[in-house]
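Report on the structure given below.
Source: prediction; values computed, not measured.
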Amino acid sequence: MNCELIFYLARRTGENQDALSAVLSKTDFSIHAVAFATNESELCHDLAQSVAHCNLMFIVGGLDAPLSKNIHTVLSRALSIPLQEETEGVPRLKGAGILYNPEGDNGYVLESGRQTIVLLPDTAAQVKALVQGGLLRYLCRKYQIPIQKDSLSAVPAALLALGPLERGEELPGAEAAVIEGKSLHIRKRISFGAKLFLFLVMAACVAATVYSLHTYLSWF
């Protein structure tokens with residue numbers, strides 16, 4: 001399965017790409033395209049191109065950038081997802097899953113249906129550590145990709161403890177957000193209750209139409 005890599009304000013891009021490629025090589029995931037963004041406009045353009053034809057995207061860099069250029073701030077504006085403030089005072093996209101990293105910056109996961117955006121720090125060792133643990137297992141399970149049994153053997157237990165993943169649950173995604181192609185337009189998801197209500201309304205309308213038609217034809 002092809003995925004795409006976007007570097008945003010990232011350093012040592014070659015090392016980071018090699019680290020990510022090495023981890024993904026244990027699976028059938030492969031980096032199909034690489035883009036480089038140095039500002040918000042370029043990032044939004046690259047991301048729009050990716051979501052139009054790709055389900056899995058990695059964005060490396062921008063997590064430690066100043067607030068106005070921080071990856072969370074930029075994606076909040078681009079995807080219309082609100083920010084929530086963490087205890088450290090650093091903003092985070094509301095609903096983003098957290099990949100806890102005891103050795104440095106955390107990673108984050110945004111999900112919308114079949115599409116996944118993974119935010120990673122721009123340090124090769126941290127990229128490898130964050131991806132090759134529970135996240136890789138989760139992505140393989142989500143996209144039904146086989147994974148080598150020994151690919152996680154060298155991962156410290158602390159990095160495998162990614163909260164809900166270890167309890168058989170799913171990573172929290174971007175709540176009520178749907179990525180729609182090049183425009184990156186966000187629309188609200190319809191809850192199950194609302195869908196059921198709409199179904200009943202439509203069924204009632206169809207029944208009323210059929211009854212009216214039957215009554216009208218009976219006059220002839």
Side-chain angles (χ1 to χ4, degrees), residues 1-37 43 46-47 49-51 53-65 71-72 75 92-93 96-112 114-174 179:
M1 173 181 167
N2 291 332
C3 58
E4 299 199 359
L5 170 61
I6 301 175
F7 287 109
Y8 171 63
L9 300 177
R11 299 153 292 192
R12 299 183 177 180
T13 55
E15 294 180 11
N16 287 303
Q17 183 175 346
D18 289 344
L20 182 59
S21 296
V23 176
L24 296 180
S25 67
K26 304 294 185 179
T27 70
D28 288 337
F29 289 115
S30 61
I31 299 175
H32 176 69
V34 181
F36 301 85
L43 176 63
D46 293 337
L47 187 57
Q49 295 296 314
S50 294
V51 300
H53 59 267
C54 183
N55 281 332
L56 176 59
M57 293 140 279
F58 294 90
I59 300 179
V60 174
L63 289 170
D64 57 355
I71 185 65
H72 289 278
L75 292 183
R92 173 169 68 94
L93 288 164
I98 304 176
L99 301 173
Y100 291 101
N101 181 9
E103 303 298 328
D105 293 328
N106 293 331
Y108 300 88
V109 179
L110 288 170
E111 291 190 294
S112 178
R114 291 285 293 170
Q115 289 187 312
T116 305
I117 300 176
V118 181
L119 310 180
L120 298 169
D122 57 349
T123 304
Q126 295 181 29
V127 167
K128 184 176 181 180
L130 287 172
V131 176
Q132 71 180 349
L135 175 63
L136 189 60
R137 289 201 305 275
Y138 174 74
L139 293 175
C140 287
R141 186 166 64 247
K142 176 174 181 175
Y143 296 109
Q144 299 181 341
I145 300 295
I147 184 172
Q148 296 179 15
K149 292 182 179 180
D150 62 344
S151 61
L152 302 176
S153 58
V155 183
L159 294 177
L160 292 178
L162 299 180
L165 288 178
E166 293 303 303
R167 298 194 297 271
E169 301 172 8
E170 294 187 351
L171 275 169
I179 302 172

Task: Donor-acceptor contact present, side-chain Asn2 to main-chain His32, <3.5 Å - done: no
Open item on the list: In the structure I gave you, are the side-chain heavy atoms of Ile117 and Leu47 within less than 4.5 Å of one another anywhere?
Closed with: yes
Task: Contact check, side chains of Leu24 and Phe58, non-hydrogen atoms, under 4.5 Å - done: yes
Open item on the list: Contact between Glu111 and Lys142 at the side-chain level, heavy atoms closer than 4.5 Å - yes or no?
Closed with: yes
Task: Any side-chain heavy-atom pair of Tyr108 and Ile98 under 4.5 Å - done: yes
Open item on the list: Looking at Arg114 and Leu56, would you say the former's side chain and the latter's main chain have a donor-acceptor pair under 3.5 Å?
Closed with: no
TODO: Give the minimum heavy-atom separation between Ala124 and Ala19, together with the two atoms involved.
DONE: O-CB, 3.5 Å
Open item on the list: Once rounded to the nearest 0.5 Å, what's the spacing between atom CG of Leu120 and atom OH of Tyr8?
Closed with: 15.5 Å
Task: Under 3.5 Å: donor-acceptor pair, side chain of Ser21, backbone of Asp18 - done: no
TODO: Measure the shortest side-chain to side-chain distance between Leu119 and Leu75 over non-hydrogen atoms and say whether it is less than 4.5 angstrom.
DONE: yes
TODO: Evaluate the side-chain proximity of Thr116 to Asn55: yes if any heavy-atom separation is below 4.5 Å, no if none is.
DONE: no
- [ ] Give a yes or no on whether the backbone of Ala96 and the side-chain of Arg92 come within a donor-acceptor separation of less than 3.5 Å.
- [x] yes
Open item on the list: A side-chain contact here means heavy atoms from C-beta on lying under 4.5 Å apart; do Asp64 and Asp105 qualify?
Closed with: yes
Task: Whether Phe29 and Tyr143 hold their rings parallel, tilted or perpendicular, with breakpoints at 30° and 60° - done: perpendicular
Open item on the list: Please check: side-chain N/O of Gln126 versus main-chain N/O of Asn101, any donor-acceptor pairing under 3.5 Å?
Closed with: no
Task: Backbone N/O of Leu93 and side chain of His72: donor-acceptor pair under 3.5 Å - done: yes
Open item on the list: Tell me if a side-chain donor or acceptor on Asp122 pairs with a main-chain N or O of Val60 at a distance below 3.5 Å.
Closed with: no
TODO: Go through the steps for Asn16 and Thr123 under the test side chain to side chain donor-acceptor pair (under 3.5 Å), then give the verdict.
DONE: CA-CA 6 Å; Asn16 287 303; Thr123 304; 5.8 Å; no
Task: By side-chain contact (heavy atoms from CB on, under 4.5 Å) - contacts of Asp28 (at least two apart) - done: Ile145, Pro146
TODO: Given side chain to side chain contact (heavy atoms under 4.5 Å, CB included), test Leu135 with Leu130 step by step and report yes or no.
DONE: CA-CA 7 Å; Leu135 175 63; Leu130 287 172; 5.8 Å; no
- [ ] With sequence neighbours left out, write down each residue that passes side-chain contact (heavy atoms from CB on, under 4.5 Å) with Ser50, or none if nothing qualifies.
- [x] Glu4, Ile6, Met57
TODO: Can you measure from NZ (Lys128) to CD (Glu15) and round to the nearest 0.5 angstrom?
DONE: 13.0 Å
TODO: Side-chain contact test, heavy atoms from C-beta onward, threshold under 4.5 Å: evaluate it for Leu136 versus Thr27 and give yes or no.
DONE: yes
